[in-house]
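Below is one structure, written out as structure tokens; the observations come after it.
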Amino acid sequence: MRPALEWNSMREFSSATAKEKARIRREVWRRLERLEIATSPRPCYGKIPNFVGSLNAAHKVFRLEAFKQAKVIYSTPDLPQKPIREEALRRKKLVITATPRLDGYVVLDPSRVKGDMISYATTIRGSLKMGARIPFLENITVDLVVLGSVAASEDGARLGKGDGRYDLEYALLREFGAVNESTPVVTTIHDVQLVDGIPMEEHDVPADYVATPRRLIRAPGVYRKPRGVNWELLSIDEIKANPILRRLFGIPEPR
């Protein structure tokens, strides 16, 4: 079985930065549990937490021109972002997600998903059954990227759950030319997941918009988005183990 690809195994730029990120995650997870804001699945530790008010946060996104005008939306599969995927399909937008092992992509075509199946289609299991699988994102332009987060700050810095998965997903979008620096990145979190500051590294993906149940924050754009995969941070074994990375790196397919 192919090992799961995680950026945990890559070099950390700064052990102090890694420790601070871990501290922020722990504090946010504790806060969500203590205040009974986290919803199923619980406990939320180690996860992109679902939260009370996620639909209200999603409604902030629906009002964005970036969402209204988007024809193709790329989303991570997290529960708090599920209302955004559902609304995208209702508005006849194409929704793309990565497969669980990040060895390909799933495309949900709104013309093939009936209204009563939208909720199921926007789950991980449902998307795999109802979506079309493609190995690479070729000749596809993504208009909006929706990422799950454990924490975010008003300047657009954000944290995932610590495995680097979503940073890599975004980097691959850049490698395929599906997005560029100006493609908006949106995340939804609860207000208690807002923190004063998050240390950002070169491979970390910032958000242009942070939506909470109470607020819609337009980040000032102080952080540059990763331009692609930082190959120096990946071992050759990690590259060989993943068909997308293998192709992009130029390693021939095994016979």
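Values below: all heavy atoms of this structure, side chains included; hydrogens, waters and symmetry mates excluded. Being a predicted model, the structure only gives us computed values, none of them experimental.
- For R42, the CZ atom sits in a packed shell: over 12 heavy atoms of surrounding residues, nucleotides or ligands are nearer than 6.0 Å.
- No donor-acceptor contact under 3.5 angstrom links the side chains of E33 and Y45, judged on distance only.
- More than 12 heavy atoms of other residues, nucleotides or ligands sit less than 6.0 Å from atom NZ of K68.
- Put simply, the side chain of K47 never gets that close to the backbone of W29: no donor and acceptor are under 3.5 Å apart.
- Looking at T99, its side chain does come within 3.5 Å of a backbone N or O of D103 through a donor-acceptor pair.
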Stepwise side-chain hydrogen bond (donor to acceptor under 3.5 Å, both in side chains) test for D78 and Y166: CA-CA 11 Å; D78 313 290; Y166 295 165; 2.6 Å; yes

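- For the residue pair S235 / D237, no side-chain donor-acceptor distance below 3.5 Å is found, with atom types taken as modelled.
- Sparse packing is recorded around CZ of R112, with 12 or fewer heavy atoms of other residues, nucleotides or ligands lying under 6.0 Å away.
- Annotation: R218, atom CZ; neighbour count of heavy atoms from other residues, nucleotides and ligands within 6.0 Å is above 12.
- Atom CZ of R227 is surrounded by 12 or fewer heavy atoms from other residues, nucleotides or ligands within 6.0 Å.
- Looking at K225, its side chain does come within 3.5 Å of a backbone N or O of T183 through a donor-acceptor pair.
- Side-chain atoms of Q81 come within 3.5 Å of backbone N or O of T188 as a donor-acceptor pair.
- A donor-acceptor pair under 3.5 Å links the side-chain atoms of R85 to the main chain of T122, judged by distance alone.
- With hydrogens and angles left out, the side-chain atoms of K60 and T212 include no donor and acceptor closer than 3.5 Å.
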Derivation of the side chain to side chain contact (heavy atoms under 4.5 Å, CB included) call for I239 and W231: CA-CA 9 Å; I239 295 170; W231 297 103; 3.8 Å; yes

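- For the residue pair R158 / S149, a side-chain donor-acceptor distance below 3.5 Å is found, with atom types taken as modelled.
- A salt bridge links E138 with R247; the closest basic N to acidic carboxylate O contact falls under 4.0 Å.
- A donor and an acceptor atom, one from each side chain of T17 and E201, are nowhere located under 3.5 Å apart.
- No donor-acceptor pair under 3.5 Å is formed between the side chain of S54 and the backbone N or O of N50.
- Applying the side chain to side chain donor-acceptor pair (under 3.5 Å) test between Y223 and each of D204, D208, D155 identifies D155 as the sole match.
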